[in-house]
*Asks:* 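So that we are looking at the same thing, I have put the structure below in structure tokens.
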Amino acid sequence: MLDSLKQKLDTCQLADVFRLENTLNKIQRGNLSQKDLASSLAAAAAAIEKSQRACELRRAAIPIKITYPKNLPVSARAEEITKLLREHQVLIVAGDTGSGKTTQLPKVCLEAGFGVRGLIGHTQPRRLAALSVANRIADELGVEIGLGVGSQIRFKDNTSGQSFLKLMTDGILLTEIQQDKLLNKYEVLIIDEAHERSLNIDFLLGYLKQLLQKRENLKLIVTSATIDVEKFSKHFDNAPIVAVSGRTYPVETRYAPLAESSTEQIDDDLQIDGIIKAVEDIAKSDKKKGSSSGDILVFLSSEREIRATATKLRKQKYRDVDILPLYGRLRYSEQIKIFKPGLGRKIVLATNVAETSITVPGINYVIDTGLARISRYSLQSKVQRLPIEAISQASANQRKGRCGRMADGVCIRLYAESDFESRPEFTDPEIMRTNLASVILRMKYLRLGEIEQFPFLDAPEPRAINEGIKLLIELDALSHSRQLTQSGRKMAVLPVDPRYARMLITASTQNCLRELQIVVSALGIQDPREISSDNRQQAKQQLAEFDHEDSDFLSLVKLWEDYEKKRQDLNQGQLRKHCKKYFLSYMRMREWREVHHQLLLSCQKLGLRMNREIGDYEGIHKSLISGSLNQIAKRLDGRSFRGNRNKTFSLFSTSVLANKGAKWIVSGEQIETSQTFATTAAKIQPEWIEEMALHLVKREYFEPHWSKKRQQVMAYEKVQLYGLVIIEKALLSYSKIDPKTSRTLFIQEGLIAGEVSTDLKIYHRNREFLAALAKQEEKMRRPDLLVAERDVAAFYEQRLPETVCSTRDLTAWVRKQGTSAEKSLLMTVDNLVDSDTAMNALHSFPDATAVHKNNLRLEYVFEPGSKVDGATLEVPVEMVSQLQQADLDWAVPGNLAEKCTALIKGLPKSRRKNFIPVNAFVAQACEQMSNKDGDLIASLLVQIRNLKGLELDRAEFEQSTAACTPEHQDSRIERLREGDCVCGQYSRGQGAAPAARFPGKRRK
DNA sequence: GAGGCTACG
């Protein structure tokens, strides 16, 4: 039973085989009871039967007899292709327009027996093509569209269980991978128009190369114009190539260069003259032939050029000629004029739309300027650019091929043949010209491994891959370690650009998802407002009704809301009229609604939170900023803005903010054409940018300082995003940012400077203690001798935990620790002053001295240069007459040595040399000196006699002090009389802070 | 003072 079921797997749906095989294997392995075995087998048999029935349903839908139109070149090759398809997994079919490959290949697959066990999937780059190809094939097969032949594009799934063939856009197939990585429901895949090398196609071809190894029963047909076909073959391990000729008429190529040399600048006028001449040549030769048939298609590079050319051509007043512009943004009603018969000859002036997207019928002549705007992504400025470039040979030939579809054609190239020959063979594939963020996000989501290893047809540069990754990190789809984030997973499944997906995700947390769905769906489609140079005034006036004064995005929301109301109130005819009145494209408004609806469903599925109340300005614009971190800017002057990465750009005149004074803006899109322009924009606050760019901003802190007002350490912050200063100088608490510095500053500028406002007892007690010590130092004229700031700082640093860096921290810590903290913070001489000499010195500077049994107060001031500087003895007036020099000389023992040194150094050189080294002598002398010998000089003379055996005269000291000149300050002793004061001054060195001075003595 | 073209559970 099990074996017979296993055999039946070959007739099941491919999509079911893997699952059914697993079930059967489980039954075989599992030691099931007799009863369970029977029921399991029955269930498996039923499932297999169901799958077989699905095959039968398909088989029944496929016409038994398949015929090919005889006149199509591919028809003759049907048999050969069938054979190759059976023998090979991959087949490359090369064929130009009119070969019939697009319509006939699916039929060949059917005839070869495919389409029963799985779908034949057939992709097209454009929606319209997918639908029309589906119709034509259904027609030719005589089956109903939507049943046997199905189709699926973004908003329309027109397939059924019977479908054996499915036409779809390549984007649809791409998203199907996310549901079924093996694409199990397909038996054959046809990737059409591979030569267009869109991002989608390149990704699919890379993905399929890997998939083919895992799915041996999958067949792949890649079709392309006859451009670089070997490349596709090589990519798929030398897959066979079937080249099918196109069914076209010969096209004559004429070269009519505008300039003598290719380096010469070609301006608009020169080009228009060339076009006029070409048109007139065509008219002349037609006249000669006597036939005047055939329309002319002129390829130009931009809308502006087309307008200028059209104006000039119309001025020529040709008879029976219609001048018809054709470009993507052109109003639909204008576009369809090319399909309607007109007065006579049509001259269609077109951009690249006419190269692939729109087929202009009845063209016999092509005039090619050889130029096009080509989208490129600047890795440097991260801005999309649209430079006008010389097109590739392949593109020129594609343009040429636009004539000669119905009869012989002529292609006039407005450049030299040598110019053509020198051009690149192929246009760079899109993957080389665009930001890779969306591709990378998709690959991450599908876990396809390293991007560098992925088998792309043309591998993007590592630099470009890095840029894509950077953008995804900016959008927080990837972490800094390049892992898919939670929001990245959501972004991958939202059917919009990663940037827009980010906006939606942010919006769900900012309570404005409803608004962002409206905005994002609008940004994703072409602007539904049909504004052109001929209706600008009027259109702007009408649409001004919906203008929001600060935000183009909110103007869109207003427009949407009004339209939704009208849509419910009006019938279709009235609605169309409404659109016309407001210069809205009915079709694009519909597309807006369709995209919006799709987003609504996607967001719902992801569980993104929808807001019921109206989203506020701040939230909406923060959401926009989150997806536009490279598009924010600060106004420089007038129209120009400075964006990040040091780029400048202008605001396009269509923005409500144009010519207004918004200082900061976010823009939806920036494109570099003749200069860089931002189109949609809104006024924002720089703080919003910071909030949305927390993972990217660079912060610098400066001027950390103690703030008495805030009782903590503050600093200023400068915030930059990609080089743009968002916040110049913001005051903030510094303790979290740099606790170490903050603690140091708290100690120095707060605790030590005494700027801490607290009622902590220990703080005040220490302040008093330090004041007492400072007083003591003043006596000694040695600030910092007992306790320097650094000692106090070290004291606190040792005792305060690192987290304490503000008054509040200190209070909290002391309260928490209680007495132990107070004990450890208590300053004493023992734990603060550690110099023995300093301790001794304390006794040498008494607060009072006994003079004639009176205790007189001594006061010390350390204020060099000031009259009160020095020690001052307070003498009652009645005692002044009794006062002697000796009383003053011995009053402050601490000054003794210095006074002696000064005296010795003041001696003439011949004397002075006896005392070298002076310090040693003075130290020895001072030990013996006392008031017993009289005054200071007398006592010193005694010691000079005792120690050196020299007899000096008192006058020698007194002379020397008088002889002292200012030039010899380091040995100068001056005695100055100032009123009733006697003071001695002594200074060491010039300019430097005096280290010690002779105390001044003042009599009151 | 001025916008090439596509595409998406």
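Letters A, B, ... are given to chains in the order of the sequence lines, protein chains preceding strands, and every chain is numbered from 1. None of the values given here were measured: they were computed from a predicted structure.
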*Asks:* Answer with base, sugar-phosphate or nothing: what part of the nucleic acid does A:Gln598 contact at a heavy-atom distance below 4.0 Å?
*Replies:* sugar-phosphate
*Asks:* Applying side-chain contact (heavy atoms from CB on, under 4.5 Å), name anything that partners A:Thr309, two or more places apart in sequence or on another chain.
*Replies:* A:Ile272, A:Ile275, A:Leu300, A:Leu313, A:Leu349
*Asks:* Kindly write out the residues that satisfy salt bridge (Lys or Arg N to Asp or Glu O under 4.0 Å) with A:Lys312, not counting sequence neighbours, or none if the list is empty.
*Replies:* A:Asp269
*Asks:* Can you measure A:Met491 atom CE to B:dC8 atom C1' for me and round it to whole angstrom units?
*Replies:* 15 Å
*Asks:* Do we see a donor-acceptor contact under 3.5 Å between the side chains of A:Ser301 and A:Glu305?
*Replies:* yes
*Asks:* Just to verify, what does A:Arg413 make a salt bridge (Lys or Arg N to Asp or Glu O under 4.0 Å) with, not counting sequence neighbours?
*Replies:* none
*Asks:* Taking CG from A:Asp157 and P from B:dG9, how many angstroms apart are they, rounded to a whole number?
*Replies:* 10 Å
*Asks:* Scan nucleotides 2-7 of chain B nucleotide by nucleotide, 5' to 3', and note B when protein non-hydrogen atoms come under 4.0 Å of the base, S if they reach only the sugar-phosphate, - if neither.
*Replies:* BBBSSS
*Asks:* Please report the distance, rounded to the nearest Å, between NE2 in A:His597 and P in B:dG9.
*Replies:* 12 Å
*Asks:* Using the test side-chain contact (heavy atoms from CB on, under 4.5 Å), find all partners of A:Asp180 that sit at least two apart in sequence or belong to another chain.
*Replies:* A:Leu182, A:Asn184
*Asks:* Listed by chain and number, what are the side-chain contact (heavy atoms from CB on, under 4.5 Å) partners of A:Gln631, not counting sequence neighbours?
*Replies:* A:Arg499, A:Ser628, A:Ser667, A:Gln670
*Asks:* Nearest whole Å is fine: how far is B:dC8 P from A:Gln152 CD?
*Replies:* 10 Å
